[in-house]
> 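Take a look at this one; I'll ask things after.
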Protein chains: 2
Amino acid sequence: MSVDHVTVLRGEEELFGRTAHLFATASEITCAARDLNTWAATHRHPRDARQVSTPRLRKLFRPGVLLNPSTAQHVRWVSAQGAAVRITPDDINETIIIDRRFAILAGDLVDGRRDYGVVTEPTVVQNVASLFDAAWRSATDLAVYDAQHAELRALAPRVLELLASGCKDETAARTLGLGVRTYRRRVAELMTALGAESRFQAGARARDLGLI
Amino acid sequence: MSVDHVTVLRGEEELFGRTAHLFATASEITCAARDLNTWAATHRHPRDARQVSTPRLRKLFRPGVLLNPSTAQHVRWVSAQGAAVRITPDDINETIIIDRRFAILAGDLVDGRRDYGVVTEPTVVQNVASLFDAAWRSATDLAVYDAQHAELRALAPRVLELLASGCKDETAARTLGLGVRTYRRRVAELMTALGAESRFQAGARARDLGLI
DNA sequence: CCGGGAATGGCAACTTGTTGCCGATGCCGG
DNA sequence: CCGGCATCGGCAACAAGTTGCCATTCCCGG
């Protein structure tokens with residue numbers, strides 16, 4: 001087994017610099033993103049002139065991206081461009097799959113720079129792709145998800161603010177003019193949206209997504 | 001009362017550009033910092049040739065900065081340079097006071113850029129300075145604090161990781177080979193260090209400080 | 001006007017987290 | 001060896017958070 005099938009690139013610039021040709025000629029791009037920091041630049045790539053048709057685009061996001069107005073706007077824009085957008089509460093790794101022939105897997109953040117592994121080994125790519133498909137199937141279409149959570153997003157910012165202030169549920173509920181039960185419903189919904197199982201984790205993720 | 005005594009500057013660059021002369025000729029610099037993002041650049045300022053003696057430097061930090069290896073290193077470096085460094089669990093606003101004649105107060109973060117108010121009005125500056133002194137007196141010297149919290153820092157990374165993973169205290173304690181009581185002691189200490197009153201807030205701050 | 005679905009918030013049972021207390025254990029310095 | 005001194009961890013009382021249940025209210029389409 002050769003190691004040549006995996007290339008590690010450092011930072012978005014290098015990644016997109018070295019893989020631009022893949023994007024330009026792709027007919028199917030599939031992308032899972034935890035937040036938008038990672039793949040924010042994707043759409044900026046100029047399409048290759050040789051490119052006849054617009055590639056099929058599938059994007060899978062975590063619910064949290066919709067809570068932040070600016071990332072939510074981006075998601076909507078992507079959707080409006082014709083991409084299929086779905087939302088999943090599952091923990092997903094950041095991944096791009098191109099034509100089921102190349103997989104780009106995001107690694108850890110080091111000094112503000114992220115590593116990316118570009119995989120070309122067919123079997124591995126197929127595996128990654130099928131894992132993605134599973135996640136995709138269980139995810140909710142953006143429009144559907146949107147309809148379900150319209151007013152949650154309206155309330156979420158203030159709930160987050162209060163949670164982040166460290167005050168008790170009692171206090172927070174009064175502040176919002178809500179019953180404690182209802183406030184806690186909001187918190188629970190928020191935690192589900194963030195894929196968090198504890199308040200600590202929710203706090204970390206909320207901060208992670210820039211919601212606070 | 002004239003407004004001329006307060007100048008608002010936007011961003012660190014403008015701040016340090018416009019106040020460099022103050023730093024260069026200062027004989028006493030006093031500085032309170034919540035994290036290092038704000039005053040990170042402070043020490044980089046070249047000293048003015050006219051400057052005879054090294055200014056007296058007092059720096060007040062929150063405990064959280066010691067939890068992050070890189071910021072902790074910076075704090076230690078500052079201390080080694082001869083600055084007096086103390087740690088306070090109090091909520092402090094980010095402030096620089098120069099020779100008890102100028103006060104620089106950090107404002108909110110807007111679009112990743114922070115506003116700074118430069119105050120020259122003597123009465124206000126004196127007031128700010130005396131508030132700082134009060135906080136300084138009740139703060140703990142870095143060396144002392146260090147000795148007192150050695151074992152917290154040893155475990156903090158793993159505790160944070162477990163908290164961030166969303167698992168229950170029971171599970172986390174077992175994982176670390178600790179009793180639940182002891183694990184919770186660590187969590188409580190951590191929350192104190194982070195200045196958090198709830199686990200949600202702790203999660204947000206931990207993430208904020210890059211501890212997760 | 002009426003029936004049904006959705007949101008609300010009180011209640012309560014239960015889980016999780018918080019903290020003081022205290023005996024046990026281990027590590028010094030005398 | 002012995003008397004502090006600190007840490008550990010079990011216990012327990014309490015506070016905080018989680019969730020199902022359900023009566024009430026409101027809104028909307030029929």
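Naming convention: chains lettered A, B, ... in sequence-line order (proteins, then strands); numbering from 1 in each chain.
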> Taking CG from Leu178(B) and P from dG9(D), how many angstroms apart are they, rounded to a whole number?
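Computing the Leu178(B):CG to dG9(D):P distance gives 6 Å.
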> Taking 4.0 Å as the cut-off, does a side-chain nitrogen or oxygen of Arg186(B) come that near to OP1 or OP2 on dC8(D)?
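The answer is yes; a side-chain N or O of Arg186(B) sits under 4.0 Å from OP1 or OP2.
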> Nearest whole Å is fine: how far is dT18(C) P from Leu163(B) CG?
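Going from CG in Leu163(B) over to P in dT18(C) covers 9 Å.
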> Round to the nearest Å and state the distance from Glu189(A) atom CD to dT18(D) atom P.
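Those two atoms, CD and P, are 13 Å apart.
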> Taking N and O atoms by type only, does the side chain of Arg181(A) place a donor or acceptor under 3.5 Å from a partner on the base of dG20(D)?
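Under the 3.5 Å cut-off, the side chain and the base do form a donor-acceptor pair.
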> Using only modelled atom types and a 3.5 angstrom limit, is any donor from either the side chain of Arg185(B) or the base of dG9(D) paired with an acceptor on the other?
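Such a pair exists between side chain and base.
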> Starting at CG of Leu190(A) and ending at P of dG17(D), how long is that distance when rounded to a whole Å?
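Roughly 14 Å, once rounded to whole Å.
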> Taking the side chain of Lys168(B) as its heavy atoms from C-beta onward, which of dT18(D), dG9(D), dT16(C) lies nearest to it?
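Closest nucleotide to the Lys168(B) side chain: dT16(C).
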> Might you point out which heavy atoms bring Ile87(A) and Arg62(A) nearest each other, and give the distance in Å?
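In terms of heavy atoms, the two residues are closest at CG2-C, 4.1 Å.
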> Locate the shortest heavy-atom distance separating Ala129(A) from Arg100(A); write the atom from each residue and the value.
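Minimum heavy-atom contact is CB-NH1, 3.3 Å.
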> Closest approach to the side chain of Ala188(A), judged atom by atom: which nucleotide of dG17(C), dC11(D), dT19(D) is it?
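Ranking dG17(C), dC11(D), dT19(D) by closest atom to the Ala188(A) side chain puts dT19(D) first.
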> Take atom CG of Leu176(A) and atom P of dA7(C), then tell me their distance rounded to the nearest Å.
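Roughly 17 Å, once rounded to whole Å.
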> Let me know the distance between CZ of Phe200(A) and C1' of dT18(C), rounded to the nearest Å.
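One finds 16 Å between C1' of dT18(C) and CZ of Phe200(A), rounded.
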> Send over the distance from Gln201(B) CD to dA16(D) C1', rounded to a whole Å.
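Distance check: Gln201(B) CD to dA16(D) C1' gives 15 Å.
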> Verify the distance criterion only: is there a donor paired with an acceptor across the side chains of Asn68(B) and Ser70(B) at less than 3.5 Å?
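The criterion, which ignores hydrogens and geometry beyond distance, is satisfied for Ser70(B) and Asn68(B).
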> For Gln81(B), I'd like to know if atom CD has over 12 heavy atoms of other residues, nucleotides or ligands within 6.0 Å.
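Yes, CD of Gln81(B) has more than 12 neighbouring heavy atoms, counting only those of other groups under 6.0 Å.
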> Less than 4.5 Å apart, any side-chain heavy atom of Tyr116(A) and any of Leu105(A)?
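No, every pair of side-chain atoms sits at 4.5 Å or beyond.
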> So for Arg199(A) and dG17(C), does any side-chain atom that can act as donor or acceptor lie under 3.5 Å from a complementary atom in the base?
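There is none.
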> Between atom CZ in Arg184(B) and atom P in dA15(D), what is the gap in whole Å?
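The distance from CZ of Arg184(B) to P of dA15(D) comes to 16 Å, rounded to the nearest Å.
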